[in-house]
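Note on naming: letters A, B, ... go to the chains in the order of the sequence lines (proteins, then strands), and numbering restarts at 1 for each one.
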Amino acid sequence: MTTDDFKGIKARLGDISRRDFMRYCSIMAGALGLSTGLAPRIAQAIADPKRRPPVIWLHGQECTGCTETLLRPSHPSLDSLILDIISLDYHETLCAGAGQQAEASLAQSMRENAGKYVLIIEGAIPVKDNGIYCKIGGKTFLSLVEEVAAQAGAIIAIGSCAAWGGIPSAHPNPTGATSAPEVLKGKTVVTLPGCPPNPYNLLSTVVHVLSFGKLPKLDSLGRPTFAYGRLIHENCERRPHFDAGRFAEKFGDEGHRLGYCLYKLGCKGPVTHANCPEIQFNDLGGGTWPVGTGHPCFGCAEKGVGFTIPMFTQVEVLSPTPFARQAPIIPERPVPVSPITAALAGGALGLAIGASAVALRKLKDSPDDPDHPVKED
Amino acid sequence: MEVPLNAQYIRNMMMGAHLIHDHIVHFYHLSALDWVDLVSALKADAKAASSLAQKLSPWERNSVTEFKAAQERLRALVNSGQLGVYASGYWGHPAMKLSPEVNLLAATHYLQALEYQREINKVVAILGSKTPHIQNLAVGGVANPINPESQSTLSIEKLLHVKELIDKVGDFVENVYLIDVAAVGAFYADWTKYGAGVTNYLSVPDMPLDTKGEVFELPGGYIPGGDLGKFKPIKGFRDEMFRTSIKESIKHAWYNGDWDRHPWEEETVPKYTDFQENGKYSWVKSPTFGGQPAQVGPLANVLCMYAAGHQPTVKYANRALELVSSLAGVKVGIEALHSTIGRHAARAVRCATLYQSLKRQWQLLMDNLAKGDYQTYNQPVFPKGVQQGFGFHEAPRGTLSHWVVIEDGKIKNYQAIVPSTWNAAPRNDKDALGPYESALIGTPVADPEKPLEVLRTVHSFDPCLACAIHLLDREKHEIKRLKVL
């Protein structure tokens, strides 16, 4: 990036140092699952003085939580997103005007940017009774989605409602709430399920498109693999407790207060694809996500799980990896760690496995109580 | 059943932090541009704007540097030719009255406020796992374990982070938000005459302080006809007046039939007819309290707390009114709050009051933990047979109540009466107007093509939904549609 490029960025992003800007680009590359070596390319895309890409955002059957979630990130913040990165030409919650003035903005952007704008759909689309259960400006949401999607350059369905139906589609689905991919059959729709999805999943998708000129790799349901490629269970910080058979049985019990696995409380991490444990929420880290707090995942991002299987009902582990079956219970006991034992651990691996196999056999009948440590031979 | 004290305090803190966030965002990001002209801010003398701001408040970020930076960002946006969400704004509208300097002051705070709403949201997320859509509530308490001997719980580090964030945002609320609202209110003092609408006010007590939910940090109640002297308190979850006074009518709503029922007796069977001027014209049912429409929201809440003598409310309300009076050069009293601009003022007063409550709840939690009480959850026992119940909460937009009938452990009927249902209600069974409808009567409209004044009044309620207002010119038979977003 040339010095002139960076001057342009400074003019647009305000008081930001070159180092901070490059770090932000590296974080963005990391969030996308890319090598941080690609940060300069991302920087270039953001620095490009050309027009900001136009985005049209439609709201259907939703609670605006997906929009609300965009208020939370810091890299970039909402103001940077809409002032510096994209041109949010239509958004019902955020546009300064209303009624005919807002609708004129929508029409103008569609006309000027036909084939180029990004359409973001928030909310399910009611199709029963010709779509009368959601109307905007006299039009059904169904007809609006079809009209705006026809000339969109890319389509993103944000949130579980738009991605697979979400809450409005829950049984008995009185309005025929339907997902964007089902309504827009034959079109590529990027889906970002979650209630709401992590805002960085949207931001990363948008920046991926801007930087590389193409959509990120998607799975068969339209989900970017950088965010939905693995089960929550596979990257959960409490996974070792699952493998060791240490579970919380109810809120506030000893296991819950020791940070054990929440599987028996009905955690849906084993059947839900999302990156919650990796990137967590609200820029906090330190276990700021449901399982980190002590609440089981309820599978908000996964069709057929969230708003479908009761919150505290146990699920079968999807595609178990070795150890992913309930292991015999191994209560915790203090293990003194010294530099010598740590160094020995590597060399004495075979012996260690043998020893724990013996311990396992003996533990089968012992009570699940960490206050009663196992007797050593 | 009882809820452990720690769980009450944790819930109360999430509630308080969420409300503060919501009020900041409503004022700066969802309604300020009804009053503030962003394009006019480009013409401002940043130095003069900064010095005005410094006269009004000791806040450290009212510097010339901050004001200039905000102005440059706006200029870059306008120069880019891509105004995005700002393209449809009412820049240069005859109802816009602020000077370029005041517009720049508000625009700078508009951008800065984005940071502070993000910070206070972190309080919600630390306790509630994430926001929006918290995940830590449990029937009988919260899912946050507390154990000072373990790593994976609500640790002291997290609680210290919460405290830091509360104080940081509290400073913004007291020294920026409350003052900006008073200033905008003073410059638009004529708006104290418009938009009162329904002056029956309903709010509920909130932030329970005991395990049984009988003592509350914040009082609530009912004020009929705007007369604070007739305030009747709502005492708690067993309050008979609250339980028996609410009904909902579907005479003008798109549901099957025509009835006026208590929520436990209701049903929700849609029947869409399209817009019928004298028939059904809304998806919103029409709730009443003691047979009357009622206004809910921060104004109702602040008036009830004021009438109940809640000291932090009285203090902040008086502080705001004194500032308005000194800026406007006339004595402005509590009666000015029955208005469009009064709803904004009350929201800021409530926000400052909530900052005090939030600090207090944090201290109560720490004090209780110091006693060695780490309990956060009681296992619920669901009784057999038919059970009727309700819960309430004073939400950002006002009184929220959920009504449920449970039969042998299964939900038989569930009705939620959300705040915007009260305020956006269509006419009721006796054809009395709801709060939005009645507040619009008498609103001056300078330009019927761009009825900004209508937006001001409807936005002042903080609608939770997009709604439509149809402007009808009976002589020209021309219908304008105004979507309030």
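Looking at Cys297(A), only its backbone comes within 4.5 Å of chain B, counting heavy atoms on both sides. Neither the backbone nor the side chain of Pro4(B) comes within less than 4.5 Å of any heavy atom of chain A. The contact between Phe281(A) and chain B is made entirely by side chain atoms (from C-beta outward), counting heavy-atom distances below 4.5 Å. Contacts between Gln151(B) and chain A at a heavy-atom distance below 4.5 Å are absent for every atom of the residue. Both the backbone and the side chain of Leu94(A) come within less than 4.5 Å of a heavy atom of chain B. Only the backbone of Leu137(B) has a heavy atom closer than 4.5 Å to any heavy atom of chain A. The contact between Gln117(B) and chain A is made entirely by side chain atoms (from C-beta outward), counting heavy-atom distances below 4.5 Å. Only the side chain of Val25(B) comes within contact range of chain A, with at least one heavy atom under 4.5 Å from a heavy atom of that chain. When heavy atoms are compared at a cutoff of 4.5 Å, Pro174(A) does not approach chain B at all. Residue Ser105(A) touches chain B through its side chain alone, counting heavy-atom pairs closer than 4.5 Å.
Using a cut-off of 4.0 Å between Lys/Arg side-chain N and Asp/Glu carboxylate O, Arg118(B) and Asp283(A) are scored as not salt-bridged.
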- Task: Step by step, work out the side chain to side chain contact (heavy atoms under 4.5 Å, CB included) result for Phe251(A) and Asn144(B).
- Result: CA-CA 8 Å; Phe251(A) 293 138; Asn144(B) 309 66; over 6 Å; no
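With Gln135(B) contributing its side chain and Thr293(A) its backbone, the two residues share no donor-acceptor pair below 3.5 Å.
No side-chain donor-acceptor contact under 3.5 Å links Arg257(A) and Thr153(B).
The ring of His133(B) has its center closer than 6.0 angstrom to the ring center of Phe298(A).
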